[in-house]
*Asks:* 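Okay, handing you the structure first.
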Amino acid sequence: MTFSAFLFQALNGLSTASGLFFIAVGLSLIFGVTRIINIAHGSLYMLGTYIAYSFATKIGGVFGFWGGIVATALIVGVIGALIEILLLRRIYRAPELFQLLATFALVLVFNDMALWIWGPEDLLGPRAPGLRGSIEVLGRRLPEYDLFLALIGPAVLLILHFALAKTRFGRLIRAATQDREMVGALGVNQAILFTSVFALGAALAGLGGALQVAREPANLATDLVAIGDAFVVVVVGGMGSISGAYLAAVIIAEVKALCIGIGVVDFGFITVNFSKFTLVAEFLVMAAVLIARPYGLLGKPQGAVRSIAEPEEPIRPATPMLKMLAVIVLAGLMGLPLLAQTQPYLLILGIDVLIAVIFATSLHFIMGPGGMHSFGHAAYFGLGAYGAALLVKWLAVPMGIAIAAAPLVALAGALLFGWFAVRLSGVYLAMLTLAFAQIVWAAVFQWEGFTGGSNGVIGVWPPPPFDKAWVYFVLTLLLTVIAVLLLRRFLFAPFGYAMRAGRDSPLRAEAIGIDVKRVHWLAFAIAGGICGIGGGLFAFAKGSISPETISVGRSIDGLVMVLLGGIQTLTGPIVGGSLYAILQDTVMRQTEYWRALLGIIILVLVLAFPQGIVGAFAALWRKRGGGP
Amino acid sequence: MSVLELRKLSKAFGGVRAVNEVDFAIQPGEFLAMIGPNGAGKSTCFNMINGQLPPDSGEILLDGQNIAGLAPRAIWRRGVGRTFQVAATFSSMTVIENVQMALLSHSGQTYKLWRPVAAMHRARALDLLGQVGMQDAADRPSRELAYGDVKRIELAIALANEPKLLLMDEPTAGMGARERNGLIELVKRLVVERGISVLFTEHSMDVVFAYADRIIVLARGRVIADGNAGDIRDNAKVQEVYFGTGKTFAEQHGVTP
């Protein structure tokens with residue numbers, strides 16, 4: 001690559017950086033003040049593009065385009081204010097996990113709303129009036145609009161910077177970011193402050209989305225892509241720092257631009273196409289930053305947020321009644337193949353349910369007793385599934401070996417990602433795990449030659465006798481029981497106790513000689529490995545897999561399963577996983593808008609059953625038994 | 001040889017020299033109190049000894065080996081137990097499980113994945129609980145305990161690794177007068193039986209003067225006095241830092257109109 005080509009790419013990177021900045025800065029501001037990670041921020045960005053498209057095409061002209069962009073920012077700001085008033089205000093005191101889930105439910109609802117209003121097609125807006133041309137830079141043609149984008153990012157940064165430094169509102173935001181309880185104690189009306197910060201953050205996301213209208217088509221997948229990028233930017237730049245957000249956005253956009261600019265390089269012994277590694281490069285940047293500065297480039301360590309979760313009961317070995325129940329359920333499941341003649345679909349559903357149980361139980365292992373809220377558990381499911389499927393595709397290994405290799409591939413991935421993840425805690429950890437899952441997804445998606453890209457891997461069928469549904473069901477049942485019992489055994493062993501000690505009080509655990517990070521790292525790896533078993537089984541059960549196996553949606557499915565069952569009980573994830581899989585296979589297949597339906601279920605769950613189903617039953621049980 | 005010896009230990013936060021070339025030593029079996037007004041550097045000193053803060057310079061010798069800058073868990077492994085100013089337990093565990101966890105860690109069994117904890121070190125844990133008078137509460141959830149009982153559990157945990165040195169940061173903070181004496185008496189009895197040295201900070205002077213073998217007074221990051229209760233009581237410098245000399249006010253009065 002020539003030097004001028006490099007400069008050109010760098011200039012191009014700056015316009016991408018502006019887009020990243022707009023979405024990340026709002027997320028960062030909102031988190032700083034309200035301590036809520038707004039996963040729906042990507043959706044607000046996406047809505048911004050759609051709404052601006054409607055303005056630009058329905059009204060049209062200079063006013064429709066430029067006026068539309070301003071109007072869009074205002075509309076999305078109002079939507080943000082409504083979200084805060086109608087939903088978030090009710091759950092500020094809930095455990096942070098529930099806040100994350102509630103905002104994710106909004107992602108689902110908004111996505112289906114966009115589908116309903118604008119349809120499934122990609123919509124490309126008109127070119128910007130007044131900036132249709134391009135100018136010659138270093139012998140190449142750079143669209144004027146890209147140049148405009150590259151400039152508007154720093155301009156907004158400056159405005160925000162002065163607003164925060166000079167105005168009363170800005171001072172309140174900075175004060176609340178440092179210590180919101182103190183700000184409350186000083187008599188500041190928190191409700192108004194939170195609503196206005198949320199509206200401001202949402203408006204910035206809407207503006208960012210709207211500005212993309214002349215550059216990228218409005219697309220229903222934008223929401224999750226944008227939030228994944230924003231997480232990386234915010235983690236790299238530092239939570240609550242707006243300059244950090246811009247700095248990180250520039251670094252990441254430039255690294256990506258550089259990868260594309262370098263293109264294919266022949267090293268003599270191997271040819272590497274760097275443009276395929278934009279997302280891996282993003283990961284490397286983040287990893288490097290987190291090793292050097294765990295709170296991001298310009299971030300400061302956040303004061304510990306007081307845990308408001310209900311204290312947990314000590315774990316007890318299964319009561320005779322629970323054991324009996326387990327035997328009955330197992331006997332019932334063993335009898336399921338007998339119904340296979342008349343109800344063949346039951347076995348397929350049964351396999352789905354069992355795989356969901358492995359997924360949920362392994363996630364619960366680190367989320368509950370480990371206190372690590374992974375938002376990217378699908379990565380290990382996907383690694384297991386792809387590990388098995390690719391072994392079959394490229395090396396034609398027998399199914400037994402492929403299924404045995406699945407947990408190992410997942411374990412290796414979990415060891416790598418977990419090493420970084422355990423260095424952070426709380427929402428930082430949640431965001432990092434989500435970003436890792438997005439990276440695995442992107443690697444699979446982009447590395448078409450090896451993984452089949454968006455087409456996935458097909459023809460991964462089990463050989464006889466496992467091609468019969470009932471035989472495969474029995475195999476799945478066996479592996480599920482082993483996986484669940486193994487995890488349970490670990491929890492009652494010293495390792496499980498050390499894990500909980502590290503969660504209950506890291507300081508105290510360290511003071512009695514426990515290497516908390518290491519214990520949690522290994523726990524993360526174990527959970528990943530066990531989850532890989534589910535992935536391997538999934539690949540052979542479906543016969544084909546696609547990148548959808550690793551999607552954010554699946555990670556969130558896992559969270560819903562765990563919370564549905566109740567995070568503080570050991571049987572919770574089994575019940576939650578089963579129920580969710582059954583719901584998904586039955587109710588949600590009935591409607592095109594299953595996402596919105598799922599989102600509404602999550603919202604009801606978060607607002608009405610914060611302890612989960614098993615947790616609610618257990619509480620009821622205690623009340624009956626212990627009450628007067 | 002001293003169990004613990006600090007040599008020119010220093011730590012600054014920004015421009016503030018919180019601990020400034022502090023030297024002192026603890027002899028085997030000694031019950032040593034570290035006192036001083038707020039901001040004297042007691043907590044900073046303590047947190048450097050237990051590994052929570054790395055010192056800027058100086059040495060912390062445990063049995064002649066420098067432990068400055070080691071992680072808290074490494075220092076614990078070398079035989080230093082500790083209790084916290086605000087006592088708490090692992091709240092999701094029962095009382096005995098808290099003690100069992102410390103015993104498991106002490107015997108290097110943290111990473112064992114198979115045998116259930118319930119049967120491991122139970123006898124020894126019960127014994128430790130018995131010594132702090134908490135045997136009856138062994139199987140209760142630890143989060144249900146009263147604060148004074150939590151302090152006792154912490155003590156049992158701190159004794160689990162058979163320490164030669166026990167660090168206690170304000171052991172009686174947040175307790176009533178009678179409870180306070182009961183706890184310190186218990187501590188004193190247990191450490192004398194075992195020959196453990198104790199370094200503790202304390203705000204209530206009745207406890208300090210009644211129980212400490214020796215007292216060190218810190219002020220503005222320096223050791224200003226070191227001796228037994230009588231020496232400290234009569235020390236002019238100590239009286240000055242605690243009660244002032246009265247000069248400050250007089251001088252100010254002269255300058256300001």
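Heavy atoms only: backbone and side chains are in, while hydrogens, waters and symmetry mates are out. Lettering follows sequence order; numbering is per chain, from 1.
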*Asks:* Can you check whether B:T89 reaches A:D504 side chain to side chain, under 4.5 Å on heavy atoms?
*Replies:* no
*Asks:* Looking at chain B, which one of A:R500, A:R518, A:R489, A:M499 has the largest number of heavy-atom pairs inside 4.5 Å, strictly under?
*Replies:* A:R489
*Asks:* Heavy-atom distances under 4.5 Å only: say whether B:A119 touches chain A with side chain, backbone, both or neither.
*Replies:* neither
*Asks:* Is it the backbone or the side chain of B:Q100 that comes under 4.5 Å from a heavy atom of chain A, or both, or neither?
*Replies:* neither
*Asks:* May I ask you to test the A:P494-B:Y111 pair for a side-chain heavy-atom distance under 4.5 Å?
*Replies:* no
*Asks:* Using a cut-off of under 4.5 Å for heavy-atom pairs, which of B:E154, B:E144, B:Q109, B:R115 has the most such pairs with chain A?
*Replies:* B:R115
*Asks:* Under a 4.5 Å heavy-atom cutoff, which of B:G81, B:A88, B:P141, B:A118 has the most pairs with chain A?
*Replies:* B:A88
*Asks:* Quick check on B:L113 against chain A: is it the side chain, the backbone, both or neither that has a heavy atom closer than 4.5 Å?
*Replies:* both
*Asks:* If we define contacts as heavy-atom pairs under 4.5 Å, which of A:A511, A:G496, A:P317 has the most with chain B?
*Replies:* A:A511
*Asks:* What part of A:L507 lies closer than 4.5 angstrom to a heavy atom of chain B: side chain, backbone, both or neither?
*Replies:* both
*Asks:* Any side-chain heavy-atom pair from B:R73 and A:I514 closer than 4.5 angstrom?
*Replies:* no
*Asks:* Please identify, among B:H106, B:R77, B:M120, B:E97, the residue contributing the most non-hydrogen atom pairs under 4.5 Å to chain A.
*Replies:* B:E97
*Asks:* Considering only heavy atoms, which portion of A:R488 lies under 4.5 Å from any heavy atom of chain B: side chain, backbone, both, or neither?
*Replies:* neither
*Asks:* With distance as the sole criterion, is a donor-acceptor pair present between the side chains of B:S92 and A:R503 under 3.5 Å?
*Replies:* yes
*Asks:* Tell me whether B:R143 is salt-bridged to A:E313, with the criterion being a basic N under 4.0 Å from an acidic carboxylate O.
*Replies:* yes
*Asks:* Of the backbone (N, CA, C, O) and the side chain (C-beta and beyond), which part of B:M101 lies under 4.5 Å from a heavy atom of chain A, both, or neither?
*Replies:* both
*Asks:* With the side chain counted from C-beta on, respond yes when B:W114 and A:L486 share a heavy-atom pair under 4.5 Å apart, and no when they do not.
*Replies:* yes
*Asks:* If you tally heavy-atom pairs under 4.5 Å against chain B, which of A:A501, A:A509, A:S505, A:A498 wins?
*Replies:* A:A501
*Asks:* Starting at CG of B:N98, measure out to OH of A:Y497 and round the result to the nearest 0.5 Å.
*Replies:* 10.5 Å
*Asks:* Between CD1 of A:I512 and CD1 of B:I157, what distance do you get to the nearest 0.5 Å?
*Replies:* 6.5 Å
*Asks:* Quick one, B:T94 and A:R316 - any side-chain contact, counting heavy atoms below 4.5 Å?
*Replies:* yes
*Asks:* Is it the case that A:R508 places NZ or CZ above or below the six-membered ring of B:F84, under 6.0 angstrom from the centre and within 45 degrees of the axis?
*Replies:* yes
*Asks:* Is the number of heavy atoms from other residues, nucleotides or ligands within 6.0 Å of CD (B:E193) greater than 12?
*Replies:* yes
